[in-house]
Amino acid sequence: MSFKDWFVKRSPLPEMWREHMAEYYAPKNFNIFYYAGSLLLLMVVLQFLSGFLVLAHYIPTARGAYDSVYGIMYDVHYGWLMQYMHVDGVSLIFVLLYVHMARGMLYGSYRSPREIVWIVGYTTYLAFMAEAFFGYVLPYSNLSYWAGTVITSLFKSIPFIGGWVTTLVRGGPGMSGDTLNRFMALHVTLVFMIIVGLIVLHILYLHKVGSNNPDGIEIKASKGPDGHPVDGIPFHPYYSVKDLFGFGVWLIIFGAIIFYAPTFHHIFLERTMSTPANPLKSLPDVTPPWYLSPFYAMLRSIPNKNAGIILMVVAVLFPFVLPWLDRNPVKSTRYRPITRIMLLIFFINFFVLAYLGEQPPLPKYFFAERLGAFIYVAFFVLLPFVSKFEPTRAPPARVRFRAH
Ligand code: HEM
């Protein structure tokens, strides 16, 4: 028996390779937006590697944390590279997450039979928010300290047990070394493992039902004599090679940011990250990083703190029910002009909210923040009605595809 036969007989890997790569038939009309999924996988691996290297020099104590991060930056060989990879990686992961989700919304990828793919994906996004927040506090800069204080104080609004939960999360009455210890445990083990587990589930659920495509047509509906979808091509080698090309282009962009614009005009790395935590010197306006700021803008749009928190939680949870809000038989917005316009407004509004969430809490922004929150909620409230009655164009019977 050859070594190959001996190995194949005992290993689940060849079968997994066939099922998920060589014989996974994906629609042949994927477009540029379909790079985001594989790029996210790449970024998670890179984030793990840079995080592992940074962790080897990080000290999770109130006295040591800031200095150790400073040391990684200036004393450790190539520490600056690990640090910037890790910091810029977060922002780029969120860029990709937003592109990936927007693509899903444009082509109706959240619709039946992919509801669970969407829900697991959205849960991963929320887990990333938590992961990013815990990581943000770890350098124990003054921004880390005050952002941690503001965010953990949101738990105080939980009725009856709010104070207890806040103390539990912080590991004491205020932010301290104990907070750093538990945030580090969450950041590097629990939440990270949850994210990895969710990503595996995400892919397994997707491969069970098959990929959607820009036309929103189920390719499994038209199969050839060999039993494979006529509009499908094996993922390997066709898309695996295409994704490798995407990796190359993306790594050039990632490298250019790390080497030439690591703070990205202080959007990826804020100025207030470079002063150590000082409990006696609060920051005039603590704003979250750009990827969380749309929700922060909505929180701030209502003067009453509890009402603001409720609005923010509702806004965060709305996308979970998206698969059931959309009631049109046509999936892709290529054939639904009204939903496409609504989505366009929704995306622009999300950008505007992100900008507003980064501004100081001045009265001149209140109206815009409220309008933004209104438009965000209105999209989800109106969708069931619009999708039911909107005129649509008939999608083609087979996917539209022009070979290049
Ligand atoms: C790190 C997080 C994530 C990773 C690594 C990931 C990875 C992937 C990959 C590799 C695919 C298949 C290729 C593709 O269609 O692009 C995919 C598809 C999909 N993902 Fe994600 N994803 C993540 C987060 C999300 C989030 C946050 C959502 C939605 C809220 C989501 C929703 C979907 C949907 C609906 C599909 C099927 C798309 C289609 O078939 O058209 N994913 N994901």
Side-chain angles (χ1 to χ4, degrees), residues 12-31 33-45 47-48 93-94 96-131 190-221 223 227-229 231-236 238-240 242-243 246 316-333 399:
L13 296 181
E15 205 175 301
M16 284 166 71
W17 174 264
R18 261 200 312 280
E19 195 179 332
H20 297 291
M21 299 290 287
E23 287 175 21
Y24 178 71
Y25 279 77
K28 61 186 177 187
N29 61 334
F30 277 177
N31 60 15
F33 293 124
Y34 278 78
Y35 278 115
S38 58
L39 291 178
L40 276 167
L41 289 176
L42 170 73
M43 289 305 287
V44 171
V45 173
Q47 205 62 10
F48 173 75
I93 284 181
F94 275 93
L96 290 171
L97 279 171
Y98 286 126
V99 171
H100 193 65
M101 288 194 267
R103 185 275 317 257
M105 292 171 89
L106 271 175
Y107 303 142
S109 302
Y110 51 83
R111 301 283 301 278
S112 168
R114 295 180 192 80
E115 301 94 325
I116 303 184
V117 180
W118 174 262
I119 288 174
V120 174
Y122 195 69
T123 313
T124 318
Y125 164 69
L126 297 188
F128 260 113
M129 282 188 176
E131 180 75 345
L190 188 69
V191 181
F192 183 73
M193 280 161 64
I194 290 175
I195 288 177
V196 173
L198 285 169
I199 292 175
V200 173
L201 274 184
H202 188 58
I203 309 283
L204 289 179
Y205 273 96
L206 175 70
H207 284 201
K208 168 84 185 153
V209 291
S211 297
N212 187 30
N213 61 79
D215 281 317
I217 301 169
E218 292 304 324
I219 58 162
K220 284 183 181 172
K223 287 191 176 160
H228 297 308
D231 283 330
I233 46 175
F235 188 86
H236 178 75
Y238 297 105
Y239 282 122
S240 48
K242 190 166 177 265
D243 282 345
V316 170
L317 295 182
F318 249 136
F320 272 123
V321 289
L322 193 58
W324 294 275
L325 295 180
D326 190 343
R327 293 151 76 189
N328 198 292
V330 178
K331 280 190 200 130
S332 174
T333 61
V399 301

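Annotation: side chain to side chain donor-acceptor pair (under 3.5 Å) contacts of T123 (sequence neighbours excluded): none. Remark: I233 pairs with K28, Y238, Y239 by the side-chain contact (heavy atoms from CB on, under 4.5 Å) rule, at least two apart or across chains. Shown here are the side chain to side chain donor-acceptor pair (under 3.5 Å) partners of E115, two or more places apart in sequence or in another chain: there are none. With sequence neighbours left out, the side chain to side chain donor-acceptor pair (under 3.5 Å) criterion links S211 to Y24. By the side chain to side chain donor-acceptor pair (under 3.5 Å) test, N212 is found to be paired with S109, residues two or more places apart in sequence or in another chain being considered.
A 4.5 Å side-chain heavy-atom check between K242 and S38 finds every atom pair outside the cut-off. Counting heavy atoms from C-beta outward, N31 and P214 have side chains that approach closer than 4.5 Å. M21 has its side chain within reach of S240: a pair of non-hydrogen atoms, C-beta onward, lies under 4.5 Å apart. The shortest distance between side-chain heavy atoms of H100 and L97 does not fall below 4.5 Å. Two residues are said to be in side-chain contact when any heavy atoms from C-beta on lie closer than 4.5 Å; D231 and N29 fail this criterion. A 4.5 Å side-chain heavy-atom check between K331 and I217 finds every atom pair outside the cut-off.
Ring-centre distance between Y122 and Y125: below the 6.0 Å cut-off. Checked against the 6.0 Å centroid threshold, F192 and F48 count as a close aromatic pair.
For the residue pair Y110/D326, the side-chain donor-acceptor check at 3.5 Å is satisfied.
Between Y34 and Y107, the angle of the ring planes stays under 30°, which puts this pair in the parallel group of the 30/60° scheme. Below 30°, between 30° and 60°, or above 60°: for H228 and Y25 the angle between ring planes is below 30°, a parallel geometry.
Residue I119 qualifies as enclosed at atom CD1: its count of foreign heavy atoms under 6.0 Å is above 12. Atom NZ of K208 sits in a sparse spot, with 12 or fewer heavy atoms from other residues, nucleotides or ligands closer than 6.0 Å.
Between R103 and F33, the closest heavy-atom pair is CG-CB, 3.3 Å.
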Give the C-alpha distance, both sets of side-chain angles, the deciding distance and a yes or no for side chain to side chain contact (heavy atoms under 4.5 Å, CB included) between R111 and W118. CA-CA 8 Å; R111 301 283 301 278; W118 174 262; over 6 Å; no

Pair E131-Q47, side chain to side chain contact (heavy atoms under 4.5 Å, CB included): steps then yes or no: CA-CA 12 Å; E131 180 75 345; Q47 205 62 10; over 6 Å; no

For residues 197-207, please give each side-chain donor-acceptor pair under 3.5 Å, one per line with the distance, not counting sequence neighbours.
| from | atom 1 | to | atom 2 | distance (Å) |
| --- | --- | --- | --- | --- |
| H202 | ND1 | V117 | O | 3.1 |
| H207 | ND1 | H20 | ND1 | 2.9 |

